[in-house]
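Okay, so here's the structure we're looking at.
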Amino acid sequence: MIDPAIPRLTCVRVPELGLQRIERDLSLGTETPIAAVDRPGSAGRLCAVNPAAHRAGARVGARASAALGLCPALRMVVLDEAALTGDVEAIADLLERFSPRVEASADTPGLFWIDPAGMTRLFGDLERWSAAIERALVDAGWRSVIVVGFGRFLGAAIALCSRGVRILPAPADERAAAAEVPLVRLGLPHRRADALAAIDVHTLGDLLRLPAAELRGRFGREVAELHARASGCCDPPLRPRPPREVIEATIVIDPPDDQSERLLFAIKAALPALLARLQRSGERARALTLTLELEHEAPLALRIEPAEPCEDARLLLDLIRHRLAGLGHQLAAPVAEITILAEGTRPPTPQLELEAEAPRRDPRAAARALAQIRAAFGDASVTRARLKPAHLPEAGFTWEPAQELRPPRLRPPAANLSEGTSMLLRRLLPRPLPMGAKAGGGPDAPPRPTIAGVEAYARGAIDRLHGPYRVSGGWWNRLIERDYYYAETSAGDLLWLFYDRPRQRWFLHGVVD
Amino acid sequence: MTGAAALWVKSNFSFLCGASHPDELVERAHAIGLRALALTDRSGVYGSVRAHVAARPLGLKLLHGAEVTIARPPLPGGFGPLQAGAAPPGEAEAPGCAVLLAQDRRGWSALTQLLSRAHLDCPRGQPTIELDHLLAAGDAPILALTGDPWLLGALRPRLGDRLYGLCARALRADEGGRERALRRRAAELSVPLVGAVEVLYHERSRRRLQDVLACIEAGRTLAEAATCTRPNAEHALPSPAELMAIFADDPALVARTLEVADRCTFTLDDLSYRYPVGELPDGTSAAEHLRQLTLAGARERYQGRVPPEALAQIDRELTLIHELDYGGYFLTMWDIVEFCRSSQILCQGRGSAANSLVCYCLGITAIDPLRMDLLFERFLSRERAEPPDIDLDIEHERREEVLQYVYSRYGRRYAAMVASVIRYRPRSAVREVGKVLGLPAPILDRAAKLQESFGGEIDVDGLKAAGVDVDAPLGRHLVDLCREILGAPPTSPPTPAASSWDMTLWTRWCRSRPGRCRGAR
C-alpha cells in the first residue's frame, strides 16, 4: 500500500554516462570492445567498459596497457569532463520537464534526484510519471535506471543494482532493497571492502547491522561515512537547480515591415548583446526562439537550432536568414515586433581526436548541413524513422523530427547465425505494390504470384516461396489478413510479399538484399 | 494416427487472456474429435471444476494443469562480473514459461502447492515459480512442457522423461527461429518434442473477444492496441486434422500428444473429503472427544437432566458423524465458538446447523431441535453424500480477531478464506468493452447506467436510449462482444466471500493466495 503522505524522492541514474556518450559518438555497434580511460597514454586507467570489452577481459580500474594486452581490439577513448558536464546539463534540462525540482549530483555524473511531489496530478500515477521519464531519456539516447523511493542515498544505492523503473511502495521496502546492495558497488575502496568481507559483511544490510560507534576506528573513515549515509542521519535535503535567467530581447519594428533583409538587420543589431549575456554565464546558444508579432495577425514562432551550441553571431544570423527566406511570402502581415529568446547550455569541449581514430565521415559537417536545411525548410524537414510496436510492418515505424545526427544502431546478429553467413536487410517499399498471379496453388490455396507489375524490383520467375506467417486484425475498422512469404526468383532476387486474403491479391511489400 | 490431444489450452480463467469458458472448450474439443484436452490456465486451476463437470458426460479425457512462469536463477556471482558468453542482460533475466500437467493425485497436490507458493511469495498478479521450488518438487508425478531452451537444460536432470519440448506454432514471424533453437537444445539433451497450439478460444470467431480482453488488461483501446493483442487468429482449438496440417513436416509431434495424454490419469474424481486430524487431548480419537464434549454440553443445556430422547438423538447423530468422518469438522467449529465465547465475541450458528442436537449441545447453535421438532437429516444425511455446512455469524467488528485466531491456531498454510470470482455483468461489460472500442465516455456512462446491475442479458434498448447506434458497425461490435463477455471473470484477484470461510489443507488440493484484509498480515 503506497502512503501518499510520505514525501518521495526519485533517483535517476544514467549508468556509465561517459561510456554511453562515447558509444553514441563512435556508433560502432555493441560487439566492438570500447573503454573510457581517464587520461591518454598507456598509464591511463579504465573508467568504464562496455560488455564486449568486459567479455574480452578488460576491467574497470585496470591500466590501459594491461587492458590492451588482454584485448588488442579495444577502442579506448579519453573521458571528456567538459562533454560530460554538457550531457549532465542536457539531461537535467530534460528532467525538468517532469518536475521543477531537479538536482544533479555534484560528485557522480549521471546521477540525478527529482522531487515527484505534485506530478501525479499531471501524469496519473508514479508508474506513468516514471515511465514517461524513462521514455524521454530513451528518446534522447540514454539508458537509465529510475528508482522512485524516499531517501537520497538509499535510492541511489538501489539504482546501482537495478534495471528499468523501480517503484518502492514504502520506506521499509526501500530499506529492504538497499540492504541487498553489495558494498563493492558503493565505491568503497577494495581494502576496506576486503576488511569487512573478512567478518562476513558483504552488503549494505550487513554493514547497517554493525554498531556505528567503532566503525571509524576499526575500518576507517570511508566505512563510517558510508554507514552514516546509509543510516539516513546525514541525508541532505534536495538542492534543486536554480531557475535559469531568461535571456531575451525585444525589437520593435517601426513602421512594421515584411522584408526579410530588413528584419534580419534588425535582429543582427540585437543578437551580439544576447550572446554576450549567455557568455557571461559561461554558456553558448543552444537555440533561439524568434516570436514575430504580426500586425493584426496571430504571432509566428520560429525556432533556430545550430548544429552545436555556438557563440558565433554570424552563423546564427545565417540560419535566421535561411529561415526568413524560407518563409518567403508566407508572412500574412508586416512584422511589428520581434522577441528573441536565447537558450543556453554549457559548451562541450571535444577532445582532440587521434589521427587513427578520425572517422571517414565528419558528423559535425553533417550536423551543420542539417541545421541549415532545418533553418531553411522548417523543423519537419529533417526526420528520422522511429520504431514503434505494431503488428503491421507499415505501422511499425513513424517519422519524427531529428534534432541531431545519430547513426542507427544495428541489432547484433542472431546467436545462431553460422560463421560466414551475412545478415540480410529487408527494405520496405513506401506502399505495397500489386503483383500478378497465376493459377496453380491448389484448390484451397491462393494462386501463385508472378513478378508482373513489380519488374522494377525483381527479375525472372518466382521459384520458391518460404512461409507463410500470418498477420490479421483491424476487424473493428477494416479487416486485414495477410499471409507473408519470402520469395526467391530464378534470377536470385529475394522478395518479401504477401497474399491479401480479403482482396485475394498478391502484393510486393519489400525486397531483401 | 488415431487422434490428437490439445495440450496447451487456456480458458477465460486465465484472466483477461483466454476468451472461452471451460465448458465451451470441452464441448468443442469433443465435437471436433480431440481425444483429450489439457486445461492449463495461467498460474491457476480455477477452471478445472467447470471443465471436469462438462467433460464427464461427454467422456472426453481432461488433463489438469497450469501454465506457469518460472524465474531464472540469478547469474553466478550476483552483481559480479559478467560471465564470458553470457546472454545479454535483458535476455538473461527473462523468465521461462512451462505447462505443468498433473499425472495423478500426488502430481495434482504438488502442482497446487507450487502454485500456492508462487502466489504467496510474489507480488500480487505476478506469480512466478522459483526454479529451485520446481526442482524440489521434481519427484512428484508432474509432466513439464516448455518451449524455452534454457528451461529444458535446467529441468532435464531432475524431471528426466517427464520433460517435453513444447513446439508451439501459430504462424508467427518469429516462431521459426525459436523452434530451431528449441529443436537444437532438445536434440542435445535427448528431450522429446510435442506439438501444440496455444489455445485461447474454442473457435476462431472468439478472436475479437480475445483482442478486447487483451486491451482491457493493457488499459488501451483497440486503435492503440499495438502489440498487446496477438498478431493473428491462429489460437483457436484445432481439430486433429488441423493439428496434422500444422505439423505436416513432423507428424510425430502430434502423435506424441497422445502419449502425454495417456501418461496423465488424474481426474478430479480422485479427490475426496479428508479432514485433517487436529491435536486431541490424551490421545483420544476425534469421535470420542466429540462425544465427551457433546455430552458435557448436553448436561449443561438440560441443567443436568438430559432426556432419554435427547441422548438417543445425540447417539444417532454422533454415529452418523463418525461414519462419515466429520468429527474433526465439528471439533473445529466448537473450538472457534469457544474462542469467541472466551473472548466475549458475539457469535451464533444459523441455517441448517440448527437442526443438529450435537451443534446445540456444543454451543454452536441456540435452538433445541428436539423441542422445535427439527429434522436432523436436513443438515446431514448418508444419502445426500455432501459435507455439512455450519454457518456461523460473528460480530462483524471483531471478525478479524477470530480470523487471526484461526490462522494462529491452525497455521497460515492450513487455513484460508473461500474466495469467489466475480463475473462480467451487463453494466461492467458495456463499460469495459465500450472503452476498448473507443466509444465516448459520456455515452458509455449513460449506456452502462441503463443496463440492469445483475441482469443476464444486454439491454439493447438501453444502449439505443443512451445514443449508441446499434446498427452501425461499432454499435454491432459493442452488442456482440458484450454478449460474449458476459459471465467471463474480469480480472485476476478473486474476491473473498465475506461471510464464509473454511479450513483444510488448502495448499495441497487447491490454489491459495494471500488476502488483503485490513489489519491482517
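Keep in mind the model is a prediction, meaning the values are calculated, not measured. Letters A, B, ... mirror the listed sequences (proteins, then strands); counts begin at 1.
- Contact count against chain B (heavy-atom pairs under 4.5 Å) is highest for R470(A) among K388(A), R482(A), R470(A), E481(A).
- Heavy atoms closer than 4.5 Å to chain A are found in both the backbone and the side chain of R208(B).
- Heavy atoms of R476(B) lying under 4.5 Å from chain A are absent altogether.
- Within 6.0 Å of atom CZ in R426(A), more than 12 heavy atoms from other residues, nucleotides or ligands are found, so the atom counts as buried in its surroundings.
- With a 4.5 Å cut-off on non-hydrogen atoms, L481(B) touches chain A through its side chain but not through its backbone.
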Item to check | Derivation of the ring pair (Phe, Tyr, Trp, His ring centres under 6.0 Å) call for W496(A) and H509(A) | outcome: CA-CA 6 Å; W496(A) 190 49; H509(A) 204 163; 5.3 Å; yes
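- A search for salt bridge (charged side-chain N to carboxylate O under 4.0 Å, His left out) contacts involving R45(A) returns nothing, not counting sequence neighbours.
- W129(A) and F123(A) have perpendicular rings, their planes meeting at more than 60° on a 0 to 90° scale where under 30° would count as parallel.
- Partners of Q126(B) according to the side-chain hydrogen bond (donor to acceptor under 3.5 Å, both in side chains) rule, which considers only residues two or more places apart in sequence or in another chain, do not exist here.
- Heavy atoms closer than 4.5 Å to chain A are found in the side chain of D211(B), but not in its backbone.
- P231(B) touches chain A through backbone and side chain together, each having a heavy atom under 4.5 Å away.
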